Amino acid sequence: MNNEHKTRVAFTIVTLTTAAIIFFTVRRMRRRKQRESPSSSCYSHSEPKPQSAFKRVLADNSYAPFKHLSFNASKNNGNGSSLHPFQAEITALLQNHQPEIELGAEKLEMNDSYVWVDTEMQLKKLVNVLSKEKFFGVDTEQHSLRSFLGFTGLVQISTQQEDYLIDTIALHDSMEILRPVFADPSICKVFHGADNDVLWLQRDFHIYVVNLFDTSKACEVLSKPQKSLAYLLETYCGVNTNKLLQREDWRQRPLSAEMVHYARTDAHYLLYIANCLIDELKQLDNENSCSDDKFHFVLEASRRSNMICLQLFTKEIEASPGESAALSLYSRHQSNRASPSISNETQFLSIVRQLCTWRDLMARIHDESLKYVLSDQAIVALASRLPASNSEIYNSIVQTDVNAETGLSSSIPSPSPVVCSHLTDICHLLANKLVNHGDIYSVILQKCLGQNGNCKLNISNYALLVNCNVRPTLSSKRSSLKNPRQHSKKASRNLFVKKFSCKSPVYHNCRIFANDGRLLCYCDRKKLEWYLSRDLAKVVDEEPPAIMLLFEPKGRPEDEGNDFYIQSKKNICVGCGEGNHYLRYRIIPSCYRIHFPEHLKSHRSHDIVLLCVDCHEAAHAAAEKYKRKVASEFGIPLYVRRVIHPGQETEKPNDEGGVSPLQLRSAAVALLRHGPRMPHDRREELTEIIKTYYGGREISKEDLEKALQVGMTPHERRKFEKKRGVSSKHSTGSASAVPYEGNDTDYAPGMSNGDTLKVDTLDGSYVNEETRSGDNRQDDSGKPSLASDLAVDKATSNGNTIVVKTTDHDDDETSYSLVDTDESLNKMQPNVVSDEESIKDEDTTQAKHHSKLSLLGHGPHGKQVVDHLLKEYGEDGIREFCQRWRQVFVDALKPRFLPGGWDVKHSGRRDFGEFSVYNHQKRETADSME
Ligand code: AMP
Ligand code: MN
Ligand code: ZN
């Protein structure tokens with residue numbers, strides 16, 4: 001090897017070494033940078049969580065509604081299949097169930113032995129034991145800080161012999177083994193305050209409790225001074241318990257001795273306490289046996305317990321995630337602020353909203369609770385200070401959380417690992433740079449879970465990414481690129497939702513108790529105030545408010561088997577659970593209901609439910625279809641067939657005089673609007689229709705205008721006259737000679753938004769939505785059409801044809817009315833609505849129209865059907881008729897969120913007592929006594 005060669009080799013080695021050093025250094029620097037840069041890798045990769053080991057989750061963090069356990073159709077015989085899977089079993093228990101708890105030589109003391117169940121084998125053994133028991137005690141503990149929806153960390157089951165602690169984390173995917181014993185109606189499960197436990201068991205394991213005895217419900221019925229478990233443990237067992245332990249981290253393994261003791265105590269004494277309480281209830285029943293008060297204490301406690309079982313777990317789904325949190329945060333914050341400028345305020349609210357959306361989505365993605373991700377006070381601080389760098393954001397959060405620190409929240413790191421891993425997102429968000437490209441929702445989702453996303457995909461967040469179709473609607477600029485027709489349909493639907501859905505919660509869930517502490521009903525605040533202002537009640541609870549009546553109410557809902565009225569009602573669509581908008585829907589169409597005898601009308605709240613626009617549409621379509629069925633079944637047509645002008649009636653009842661009101665109206669409109677431009681033949685044809693109404697004589701323009709007004713209410717007519725102004729008042733001459741200059745609405749009062757009648761602008765003829773064939777009505781606006789049903793009192797049946805005499809329009813008393821649809825729409829937007837009162841008001845409003853009649857709606861049909869039912873079958877006929885409508889409703893919607901106790905067979909007799917706000921006679925007396 002010569003020197004030259006040596007030098008070359010040496011050079012090559014040096015070069016290669018240098019290259020290698022540079023390569024490795026750069027790589028190391030890159031890696032370090034990656035580690036330091038918080039958003040490039042998320043804590044979720046390195047922090048294992050117990051729930052990551054779950055193989056299945058029933059309630060994931062997506063926006064898709066929770067799916068309940070369902071059986072094959074045969075079990076539910078197609079009847080209410082979407083209700084509670086054990087609806088029938090539980091309903092049977094509500095009727096007449098006597099809880100039987102008999103303890104042997106009871107062993108009250110809690111010794112040191114208990115069984116820790118954490119293998120499938122042990123769980124099967126336990127099921128074997130439990131299936132031979134008549135009753136057992138149950139309690140559950142859940143963990144909610146490091147999980148979006150929370151999960152059950154422990155289930156405690158106690159029999160007379162043994163305490164079992166089930167490790168529901170280890171056994172998460174095997175818990176279904178317990179379903180049969182929990183659903184077995186012959187085994188009584190004893191809980192204390194089961195409301196949450198029942199829902200948690202459904203959420204995590206599809207375990208449904210059937211046959212429940214709740215010791216807190218027993219306390220209620222016994223009017224105990226307190227109904228906490230701590231109180232019962234102390235009073236009946238002489239045991240003190242430290243309830244602070246319920247806030248421990250129940251994911252911890254092994255559990256501390258203290259936690260084991262606490263958990264066992266919660267279940268161990270339940271059977272003994274239940275036994276004592278049942279004895280007391282029986283005692284009261286015996287004392288009461290001779291009085292004519294039918295109240296049965298044991299049955300009542302059992303019944304209230306089993307009502308809890310009917311509750312169904314639902315995910316709270318917001319159309320815009322974080323929106324409600326943002327608004328509540330904002331309003332709380334506003335009250336603490338000096339008056340800021342409007343533009344600052346707008347920006348502040350917008351940032352609060354974005355941070356709440358960000359927090360909601362981050363919590364779902366990382367399976368953490370909202371408060372773990374970012375505290376409310378930190379959101380307010382960020383939105384008001386607008387820190388501009390990662391470190392400023394970091395410091396801002398730390399400071400705020402330290403200041404707000406209350407002993408308990410100290411277990412939450414501040415800022416949370418979620419924030420630390422995603423500081424850059426917050427930085428962009430505060431600088432208004434996050435939403436430049438598309439909406440915040442898809443941006444975050446892609447950054448976190450998309451290809452090359454930073455965060456860990458798991459079974460809880462997977463569906464967020466996959467089910468993009470059930471993602472919430474957020475304003476997005478791209479939406480305008482969609483099919484414009486589709487877009488406008490969607491826009492007008494949104495507009496409709498905004499305009500007509502209930503603006504505030506319909507059900508207020510205020511409670512009224514009888515003077516012995518029994519719950520009488522739920523109602524709105526106005527009703528509470530009514531009693532309070534008259535010193536007829538006193539306040540017994542603040543939020544939600546409750547009052548106790550100071551007098552003995554006549555009749556109690558539970559005496560009459562009306563479970564429904566003492567159910568707390570949720571402000572959601574009973575069909576699909578949508579909670580962001582809802583309209584009231586009347587299950588019994590009003591064209592029938594307004595003709596019911598008053599006492600059958602009074603159970604309105606059962607048959608008025610909340611529905612979202614889509615479910616409303618579906619239910620309405622089914623009802624219209626069924627109306628046609630009723631029409632053909634009873635041989636009573638839906639529409640008035642003929643009207644005759646006053647003075648034209650003949651003596652012969654079968655005279656083929658008159659004309660259909662619909663035809664009359666459309667002919668008049670067409671002639672007035674397009675008369676002069678119409679082909680001669682068409683004009684003759686239409687004129688002939690008007691002539692027939694007037695008995696064949698020649699007609700003037702005034703006749704045409706009068707024909708147009710057939711069916712208007714006096715009010716509408718006045719409005720109509722006013723709108724027309726003087727121009728037409730003084731015009732004379734024949735219809736064909738004088739074209740009327742005016743806009744469409746002048747000729748179609750009551751035919752604005754939501755009317756069921758439409759004008760075909762080509763020939764001016766009306767098409768009635770309800771008479772169109774098929775049920776897939778394609779309404780341009782996508783809004784439900786609202787039938788205008790009114791009373792008729794002058795219709796006489798004449799075979800299959802209704803002939804109605806109309807009188808002169810100048811006579812208000814006897815004229816015929818068409819419902820002002822604007823008015824009926826207004827009724828759908830309650831401000832503060834009482835469950836029943838507002839409905840009452842509406843009936844009264846409609847009753848005012850009773851002397852007038854709608855010739856275009858289904859009013860005459862409704863009256864004839866109801867009269868027929870009452871004549872042939874009496875009130876039972878009406879009840880049976882109502883059940884048919886409820887069945888139509890259930891079949892059409894398969895509603896999954898009907899309140900517990902809602903029943904197709906509901907008989908709904910309510911007797912309004914002396915001081916009831918529904919008792920109008922008494923109410924007037926009470927008012928006048930003031
Ligand atoms: P308990 O059966 O009373 O021990 O309560 C069951 C579960 O409810 C506990 O494991 C907690 O997750 C939750 N819980 C009940 N009360 C509270 C509370 N005051 N604060 C936080 N969590 C609670
Ligand atoms: Mn407990
Ligand atoms: Zn992440």
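The structure presented is a predicted model; accordingly, all values stated were derived computationally and were not measured.
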Can you check whether [X] reaches [Y] side chain to side chain, under 4.5 Å on heavy atoms?
| X | Y | value |
| --- | --- | --- |
| Pro895 | Val609 | no |
| Arg593 | Cys882 | no |
| Ile878 | Tyr873 | no |
| Cys612 | Cys576 | yes |
| Val630 | Tyr592 | yes |
| Cys573 | His616 | no |

(message) Tell me every residue that passes ring pair (Phe, Tyr, Trp, His ring centres under 6.0 Å) with Phe889, counting only those two or more places apart in sequence or in another chain.
(response)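 Scan of Phe889 (ring pair (Phe, Tyr, Trp, His ring centres under 6.0 Å), adjacent residues dropped) gives Tyr585.
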For [X] and [Y], work out which heavy atoms get closest and say how close.
| X | Y | answer |
| --- | --- | --- |
| Gly575 | Cys615 | CA-SG, 4.1 Å |
| Arg886 | Ile587 | CA-CG2, 3.8 Å |
| Ala668 | Ile690 | N-CD1, 3.7 Å |

(request) Look at the aromatic rings of Phe881 and Trp885 and report parallel, tilted or perpendicular, splitting at 30° and 60°. (result) perpendicular
(request) Not counting sequence neighbours, which residues clear side chain to side chain donor-acceptor pair (under 3.5 Å) with Glu633? List them please. (result) Arg884
(request) Could I get the full list of salt bridge (Lys or Arg N to Asp or Glu O under 4.0 Å) partners for Asp681, not counting sequence neighbours? (result)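 Expected list: none.
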Separation of [Y] [atom2] from [X] [atom1] (nearest 0.5 Å):
| X | Y | atom1 | atom2 | result |
| --- | --- | --- | --- | --- |
| Leu704 | Lys701 | CG | NZ | 8.5 Å |
| Arg683 | Leu671 | CZ | CG | 8.5 Å |
| Lys691 | Ile699 | NZ | CD1 | 7.0 Å |
| Leu638 | Lys627 | CG | NZ | 7.0 Å |
| Arg665 | Ile689 | CZ | CD1 | 14.5 Å |

(request) Start with the C-alpha distance between Leu686 and Arg682, add both sets of side-chain angles, then the distance that settles side-chain contact (heavy atoms from CB on, under 4.5 Å), and finish with yes or no. (result) CA-CA 6 Å; Leu686 294 176; Arg682 178 68 179 149; 3.7 Å; yes
(request) List the steps, then state whether side-chain contact (heavy atoms from CB on, under 4.5 Å) holds for Thr692 with Leu664. (result) CA-CA 9 Å; Thr692 316; Leu664 179 67; over 6 Å; no
(request) Look at Asp703 together with Lys706 and state whether they make a salt bridge at an N to O cut-off of under 4.0 Å. (result) no
